[in-house]
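A quick write-up on the structure given underneath.
A note on names: the letters A, B, ... follow the listed sequences, proteins ahead of strands, and every chain is numbered from 1.
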Number of protein chains: 2
Amino acid sequence: MMDVKKITIIGVGLIGGSFAKGLKEVSEKNNLGYEITGYEPNVDNLKKAVALGVIDRYETELPNAVQDADLILLGVPLGAMATVLSEMRGCIKPNTIITDVGSAKMSVISAVKEVFGEVLPNFVAGHPIAGKEKSGVEAACSDLFIDHRVVLTPTQETSADAMATVRALWESLGACITEMAPEFHDEVFAATSHLPHLLAFSLVDLLNEHEELGNVFQYTAGGFRDFTRIASSDATMWRDISLSNAQAIVKWLRSYQAELDNLIGLIDGQQSDALYKLFHDAKVARDTHIVKDTL
Amino acid sequence: MMDVKKITIIGVGLIGGSFAKGLKEVSEKNNLGYEITGYEPNVDNLKKAVALGVIDRYETELPNAVQDADLILLGVPLGAMATVLSEMRGCIKPNTIITDVGSAKMSVISAVKEVFGEVLPNFVAGHPIAGKEKSGVEAACSDLFIDHRVVLTPTQETSADAMATVRALWESLGACITEMAPEFHDEVFAATSHLPHLLAFSLVDLLNEHEELGNVFQYTAGGFRDFTRIASSDATMWRDISLSNAQAIVKWLRSYQAELDNLIGLIDGQQSDALYKLFHDAKVARDTHIVKDTL
């Protein structure tokens, strides 16, 4: 494991801020001597982060923020990763570990390769599976990752030391680490997260101000509210995810359309038994695999 | 309004049982002298309904259950409506009011026309928008409909007296009545209820034991759980709804397919601004029209 003292957070929002605040508490509790520096274009947000005890200090210029860093966490939207990486290029120490928290991994790894000419051995791509109804540094809390999964997606080039170091930091915040190939990560989360979010956005968009039905939302009940809850997610984040994981997402959207084609065929053909089986198998699968909750 | 004393519930489950139990309490409280009779093939369930105070008495033969009834509520699955109606034919008094609680209305109205040769003036098609995580008579409760919407869908033939009577009974249980043409009802609920249920079943079915991803449910989080909650609904009920409201459901599934075609085009074409607008508009629409809740 590598010795990490100076930690820089680029983008001090909910995730970056919670990572910072958690490490500050771990450091104070165990006298680890971490120094947590924050950077982002919004200086007011950085001042707020210091006032809230999320970070120790901030820099207003990216080079100053990263030049002495032992570890840099990229907490910026997927759409900003490439820009931030190219602004860091030439400013960081050779052994500095870089990690990120993006919801898609292949695009970030490609950005690193593009900017640095190689997939840096000290770059560790990561994706914490944690969220909250509120975003922004005000919502940052040190226990956000306790018992939450953090997926790390090493490549052939990734150094074992860098991996072990990033893993240990997340584990010190109570997270459970899962290692996955980045390609597999992007497939899994296209299917289980990106697809349902896009399906929910699409249903609300389809029904919104529908010429035939008017304000049809007035007739919806709890089932619709829960189904579309994820359609209240941040539009910028989902635009970036859609663009960054486009290939896997389109593949899963097409598979889903094939599933709907099959369903339409069963309903058109009044295939009673086949419809029952589809609904029954789905219900059993969900009741078996998804944590029990009320209907 | 017509004088209603003898009320018969065909199918004493959650909805029929809650209607019965609620009316029993209203009757006892206001000395209305209702007599609530239950009927269904499962005699054990009828005995349980009496023991639970859901109904006053039961009959084990349909003709005996309906012959003296002033009002009959059909609380059976949509797939059983036609059979029950034809079994009742010739056994009921000319002025008996018949109402139902099915989630699709055109199919029930057609069944009445088929069985009785006309859309009976005393038939009032209804749809209470109320549910619960549990089903069955054990889950029946007298306050299930308080502040819940009950949609009544009269036709040209429906008598004003029968409508007023059914409306008054539901209102005595605390429900809010909405009147709608049956065709419009089936469109509205195909779009806002049947469509999301089928989309949720389809996503779980698509991912269940997927050859490529294995048990991918292990990587899902709260968003997936809420999105698929309605995929834990009763398979028989949703088979019947799919078959009974097939035309409107297929129409809405096809509109949704077109919505997904558009989304795939935007992602394939990396249409950043159009994707942002779609997600942003959907988020605003949901946050505006659907009761606020946590993300």
Side-chain angles (χ1 to χ4, degrees), chain A residues 129 133 188 191-192 196 198-208 213 216-217 219-221 223-233 235 238-239 242-243 246 249-250 253 255-257 259-260 263-264 267-268 270 272 275-276 278-280 282-283 285-287 289-291 293-295, chain B residues 129 133 188 191-192 196 198-208 213 216-217 219-221 223-233 235 238-239 242-243 246 249-250 253 255-257 259-260 263-264 267-268 270 272 275-276 278-280 282-283 285-287 289-291 293-295:
Chain A
I129 315 303
E133 65 275 17
V188 164
T192 58
L198 296 179
L199 297 179
F201 279 122
S202 296
L203 179 63
V204 175
D205 186 67
L206 175 65
L207 299 186
N208 189 21
L213 303 182
V216 75
F217 296 118
Y219 303 114
T220 60
F224 187 90
R225 190 182 63 241
D226 289 352
F227 183 90
T228 59
R229 187 173 62 87
I230 50 181
S232 287
S233 305
W238 285 97
R239 175 201 64 196
S242 303
L243 297 171
I249 288 173
V250 167
L253 280 168
S255 305
Y256 189 77
Q257 287 198 305
E259 177 83 22
L260 293 186
L263 177 63
I264 289 171
I267 297 174
D268 262 339
Q270 295 278 298
S272 180
L275 285 167
Y276 178 83
L278 193 160
F279 301 148
H280 177 73
K283 174 184 169 55
R286 183 178 186 280
D287 292 346
H289 297 295
I290 308 298
V291 54
D293 54 4
T294 61
L295 186 69
Chain B
I129 314 303
E133 67 275 15
V188 164
T192 58
L198 297 179
L199 297 179
F201 279 121
S202 297
L203 180 64
V204 175
D205 187 67
L206 175 65
L207 298 186
N208 189 21
L213 303 183
V216 76
F217 296 117
Y219 302 114
T220 60
F224 187 90
R225 190 182 63 242
D226 289 351
F227 182 90
T228 59
R229 187 174 62 87
I230 51 181
S232 286
S233 305
W238 284 97
R239 175 200 64 194
S242 303
L243 297 171
I249 287 172
V250 166
L253 280 168
S255 305
Y256 190 77
Q257 291 273 48
E259 178 83 22
L260 293 186
L263 176 63
I264 288 171
I267 297 174
D268 261 339
Q270 296 278 300
S272 180
L275 284 167
Y276 177 83
L278 193 160
F279 301 148
H280 177 74
K283 174 184 168 55
R286 183 178 185 277
D287 292 346
H289 297 295
I290 308 297
V291 53
D293 55 6
T294 62
L295 188 70

Answer key: most heavy-atom pairs under 4.5 Å with chain B among A/Ile249, A/Leu275, A/Leu253, A/Ile129 is A/Leu253

Compare all side-chain heavy atoms of B/Gln257 with those of A/Ile264 and state whether any distance is below 4.5 angstrom.
-> yes

Is chain B contacted by the side chain of A/Leu263, its backbone, both, or neither, given a heavy-atom distance below 4.5 Å?
-> side chain

Name the region of A/Ala221, side chain, backbone, both or neither, that has any atom closer than 4.5 Å to a heavy atom of chain B.
-> side chain

Could you list the residues that satisfy side-chain hydrogen bond (donor to acceptor under 3.5 Å, both in side chains) with B/Gln270, not counting sequence neighbours?
-> none

Heavy-atom closest contact (B/Ile230 atom, A/Gly223 atom, distance) | CG2-CA, 3.7 Å

Name the member of A/Trp238, A/Tyr276, A/Phe224 that forms the most heavy-atom pairs with chain B at distances under 4.5 Å.
-> A/Tyr276

Value for CG (A/Leu203) from CD (B/Glu259), rounded to nearest 0.5 Å, stands at 8.5 Å

If one checks every heavy atom of A/Leu199 against chain B at 4.5 Å, the contacting part turns out to be both

Who among B/Ala285, B/Ala246, B/Ser272, B/Ala191 has the most heavy-atom pairs with chain A under 4.5 Å?
-> B/Ser272

The side-chain hydrogen bond (donor to acceptor under 3.5 Å, both in side chains) partners of A/Thr228 (sequence neighbours excluded) come to B/Arg286

Given B/Val204, B/Leu243, B/Asn208, the one with more heavy-atom pairs under 4.5 angstrom with chain A than any other is B/Leu243

Under 3.5 Å, is there a donor-acceptor pair between the side chain of B/Tyr256 and the main chain of A/Ser202?
-> no

